[in-house]
Amino acid sequence: MSSPVFRLHNTLSNRIEPVEPLEPGKLRFYSCGPTVYSYAHIGNFRTFLTADLIVRTAREIGLETHYVSNITDVGHLTEDDVADSGGEDRMALALSSKEGKRFANVWDLARFYANELLRDWSRLNMIEPDVRPRATEHIAQQIRTVEALIDSGHAYETDSGVYFSVDAFKDYGRLSGNISGDNLSETTRELVVDDEKRNVRDFALWKKDPKHLMQWYSPWGWGFPGWHLECSVMALEYLGEQIDIHGGGEDLIFPHHECEIAQAESYSGKQFARYWVHTRFLQVEGEKMAKSKGNFLTVHELVSDAASGGRGINPMALRLSLISGHYRKPYNFTFDTLRANLKHIERLEQSLDVARNAPSGTSDVAARITAASERLLAAMLDDLNTPEAIAALLDGIKTILTCKDGISDEDRSAAQQFLSRVDSVLGIINEEGSDSPESSEEDDEFAATIEEMLDRRQRARASRDFALADSIRNEIEEMGVEVMDSPDGAKWKRITSIQGIDAGE
RNA sequence: GGUGACGUGGCCGAGUGGCUAGGCAAAGGUCUGCAAAACCUUGUACGGCGGUUCGAAUCCGCCCGUCACCUCCA
C-alpha cells in the first residue's frame, strides 16, 4: 500500500498538486496570523481554520508537521500612499477609538487582543501552533535581515527608510501575476510618493519615524520594520530557509506574500516556500463583510454567552459553519446555515452517546460507518474538500444513530473509530469545552425551577390531566426550554437559539 | 485598465461529458395522550444564447450578472 497523497491547490502554479515535503515525512508549514488591534472576526478565522485543517489532515496521514503561525503586534499603516507623510497606524487608530480608550498604550492594547485571539482560538478547538512568534519579539532579527539585504545589493536606504529593490529580484510578481507596474491604472491610488525610491514598486523594509508609537532603534535611526519582513524572518528562524507550505488569506497574495518571497529568496538564495495556499474571503448573508455594513462578526461576539452580550452560539457549530464551504470558493455565511450546524453538532453529540452507551444489540452497519470514515479522509486529502467531508460526516452520524436501541460490538468499534477520526480531522468534538458555560448559581436555580415544573407536569400526566400538562409545557417552552418525554422520564434542554437573531421565537 | 474566481432546486452547498452528492427548510408516515427527538419516504436543479457530441450542468465561444486582488484588510 502506498501512503495516502495529500493534494492542495498551489497559488504558485494555479494547480492542484500532491504535497511532497522537501524532507520526506516532515511538513514545514507557516500560516500568517492577524494583526491584533481588535477582536478577530470570522473571516480571519476562516483562514486560520484552513491552516488548522491542513495540519490536522497532514498529521492524520502521519506527516510530522511543524506548524508556525505568528501574531503581528506592530501597528502597520492603513495607507501606504500617505505613510511617508505620517499615515495612520492601525494600533494607534484602535487606541484612539471608543473601544480603545481603556488601554494605557498600544502595547497594552496589542497584549489584550493577542490574549483574546488565543482565547477564541481555543474555543474553536484549533490546534495550537508549535511556535507562535510575535513580531515585536523579533525586531533584532529583522534589523539583521535588512542589513544583509543592503549588503547584498537588494535594498537601499533613503531619507524615509530602507526599501527593497524590486529590480534586484527577477521573479518579483510571479506569485500574484502582477508582473509589471504598468497595469496599475488610474483606478488604483497612487503609489508611495518618495522621490528617492528607485522604482515605484519598491517596498519598505524599515520605516524611519521617531514619532511612531511603537519604535525601535536601528542602524537607520528610530523607526519600525516593514510589514512584510516579519513573516519572512520568523519563518526563516523557526522553519529554516526552505519551507513546504505557506498560507494565508487571499488578500495576502499581493503584496504581502509576493514581498515575502522577494525578501526571503534574496536573503537565502533558495526557494522560500514550495506551496502557497490561500483562503477566499467569506461573505455574510450574501454581502461583503464590512464594519460599515454592520455585518462584521467576531468570534468573540458569536460564542460569548448571552449574559455578557454575546449570541451564545456553540463554538463547535460555529467552527463547523466556517469550514462547511470550500476554502477556495467564496463562502456565504448565513445564520440559516449556522442554525443547521447547531443541529448537526447536537446529532454528533447524540452519536457519541450511542457509540458509548447504547445497549448491546445485533446491528450490522460497520461497513457503512467505515466507508464514511474513509470517504471523509479522502475528501480532506483532495484539496480540503470539506463539503464532501461533511456529507460523509452526516452519513456516519445518521448510521450510528440508527443503532441507538442496540449496537453490535463490531459496529460500536467502527463507530468509535469513525468519531475519533471526526475528532482528529475536523476538530468539531470538544467535550471539555462543550459544557463551557460555567454552571453558575443562577443556572442551578434555573434547573431547579424547571425540574419542579416538570414534576408538576408529570403528576398532571399521571392523572391524565393533559390540558394542565400541556399548559405547563408551554410555560416551560416560554422559558426557552424544550421538553422531551422518554421511557426514563422527561428530559429537558435549552432550545438552541441565536441571540439577537431568533429573538421572540 | 490588468489579473483571477464564481453563477446549481425556497436556502446553503458538492459534482465537472452518460450512472442518487449531502444538508437546512417543506410535505407525508412510524413512534407518542399530544408533542419533541429519532427513524422512513418524497423533491429532477444546474445564469442566457449559440456550438462540439449519439449524449453537456459538465467541453468550446459569446453575452449577462456577482465577487476578489492590483502597496499594507485573513
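These figures come from a predicted structure and were not determined experimentally. Heavy atoms only: backbone and side chains are in, while hydrogens, waters and symmetry mates are out. In the text below, chain A, chain B and the rest are named by the order of the sequence lines, each starting its count at 1.
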Would you call the rings of [X] and [Y] parallel, tilted or perpendicular if under 30° counts as parallel and over 60° as perpendicular?
{"X": "A/Phe164", "Y": "A/Phe169", "result": "perpendicular"}
{"X": "A/Tyr113", "Y": "A/Tyr39", "result": "perpendicular"}
{"X": "A/His228", "Y": "A/His256", "result": "tilted"}
{"X": "A/His278", "Y": "A/Trp276", "result": "parallel"}

Check: When the nearest nucleotide of RNA chain B is assigned to A/Arg461 and to A/Asn332 on a heavy-atom basis, which residue is associated with the more 5' position?
Finding: A/Asn332
Notebook entry, point to check: Closest nucleotide of RNA chain B for A/Tyr172 versus for A/Thr337: which of these residues is on the 5' side?
Noted result: A/Thr337
Between [M] and [N] - [atom1] atom distance, rounded Å:
{"N": "B/rG13", "M": "B/rA68", "atom1": "P", "answer": "16 Å"}
{"N": "B/rU71", "M": "B/rC64", "atom1": "P", "answer": "27 Å"}
{"N": "B/rA57", "M": "B/rC24", "atom1": "C1'", "answer": "23 Å"}
{"N": "B/rU16", "M": "B/rA21", "atom1": "P", "answer": "12 Å"}
{"N": "B/rA74", "M": "B/rG47", "atom1": "C1'", "answer": "30 Å"}
{"N": "B/rA14", "M": "B/rG23", "atom1": "C1'", "answer": "11 Å"}
{"N": "B/rC12", "M": "B/rG7", "atom1": "P", "answer": "12 Å"}
{"N": "B/rC6", "M": "B/rU30", "atom1": "P", "answer": "46 Å"}

Within the structure shown, what part of the strands sits under 4.0 Å from [X] by heavy-atom distance: base, sugar-phosphate, or nothing?
{"X": "A/His344", "answer": "sugar-phosphate"}
{"X": "A/Ala391", "answer": "base"}
{"X": "A/Ile253", "answer": "nothing"}
{"X": "A/Tyr331", "answer": "sugar-phosphate"}
{"X": "A/Gly248", "answer": "sugar-phosphate"}

Next item on the list: Kindly say if A/Asn385 contacts the phosphate of B/rG15, meaning a side-chain N or O under 4.0 Å from OP1 or OP2.
Entry: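 Looking at the OP1 and OP2 atoms of B/rG15, one of them is under 4.0 Å from a side-chain N or O of A/Asn385.
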Notebook entry, point to check: Looking at A/Lys329, does any N or O in its side chain come under 4.0 Å of the phosphate oxygens OP1/OP2 on B/rG7?
Noted result: yes
Only pairs with both distances under 3.5 Å count, Watson-Crick or wobble alike; so what is the partner of [N] in this structure?
{"N": "B/rU52", "result": "none"}
{"N": "B/rG17", "result": "none"}
{"N": "B/rA38", "result": "B/rU30"}
{"N": "B/rG1", "result": "B/rC70"}
{"N": "B/rC6", "result": "B/rG65"}
{"N": "B/rA57", "result": "none"}
{"N": "B/rG22", "result": "B/rC12"}

Margin query: With heavy-atom distances below 4.5 Å as the criterion, would you say the side chains of A/Asn10 and A/Ile16 are in contact?
Written below: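 The answer is no; the side chains never approach within 4.5 Å.
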Would you kindly give the [atom1]-to-[atom2] distance between [X] and [N], to the nearest whole Å?
{"X": "A/Leu342", "N": "B/rA25", "atom1": "CG", "atom2": "P", "result": "11 Å"}
{"X": "A/Leu348", "N": "B/rG22", "atom1": "CG", "atom2": "P", "result": "20 Å"}
{"X": "A/His326", "N": "B/rG7", "atom1": "NE2", "atom2": "P", "result": "12 Å"}
{"X": "A/Asp382", "N": "B/rA21", "atom1": "CG", "atom2": "C1'", "result": "14 Å"}
{"X": "A/Leu322", "N": "B/rG13", "atom1": "CG", "atom2": "C1'", "result": "15 Å"}
{"X": "A/Gln283", "N": "B/rC11", "atom1": "CD", "atom2": "C1'", "result": "15 Å"}
{"X": "A/Lys288", "N": "B/rC6", "atom1": "NZ", "atom2": "P", "result": "19 Å"}
{"X": "A/Leu175", "N": "B/rU3", "atom1": "CG", "atom2": "P", "result": "17 Å"}

Checklist line | B/rG33 base / A/Asp470 side chain donor-acceptor hit below 3.5 Å | finding: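 Donor-acceptor pair under 3.5 Å: yes.
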Item checked: Derivation and outcome, side-chain contact (heavy atoms from CB on, under 4.5 Å), residues A/Thr72 and A/Val36 -> CA-CA 6 Å; A/Thr72 296; A/Val36 284; over 6 Å; no
Margin query: Do A/Arg473 and A/Trp492 form a cation-pi contact, if we require the NZ or CZ to be under 6.0 Å from the six-membered ring centre and within 45 degrees of the ring's axis?
Written below: no
Note to self: If stacking means aromatic ring centre less than 5.5 angstrom from the base's six-membered ring centre, planes under 30°, is A/Phe281 stacked on B/rA74?
What the structure shows: yes
Checklist line | Of A/Asp470, A/Asp485, A/Asp455, the residue whose pairing with A/Arg461 passes salt bridge (charged side-chain N to carboxylate O under 4.0 Å, His left out) | finding: A/Asp485
Checklist line | With A/Glu250, the salt bridge (charged side-chain N to carboxylate O under 4.0 Å, His left out) member among A/Arg46, A/Arg280, A/Arg328 | finding: A/Arg280
Margin query: Using 0.5 Å steps for rounding, measure from the CD atom of A/Glu258 to the CG atom of A/Leu252.
Written below: 12.5 Å
Next item on the list: Take nucleotides 35-45 of chain B nucleotide by nucleotide from the 5' end and write B, S or -, depending on whether a protein heavy atom sits under 4.0 Å from the base, only from the sugar-phosphate, or from neither.
Entry: BBSSSS-----
Check: Counting side-chain heavy atoms from C-beta on, which of B/rC24, B/rG33, B/rA74 comes nearest to A/Ala340?
Finding: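 Per side-chain heavy atoms of A/Ala340, the pick is B/rC24.
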Check: Which of the following nucleotides, B/rU71, B/rA74, B/rG4, is nearest to the side chain of A/Leu282?
Finding: B/rA74
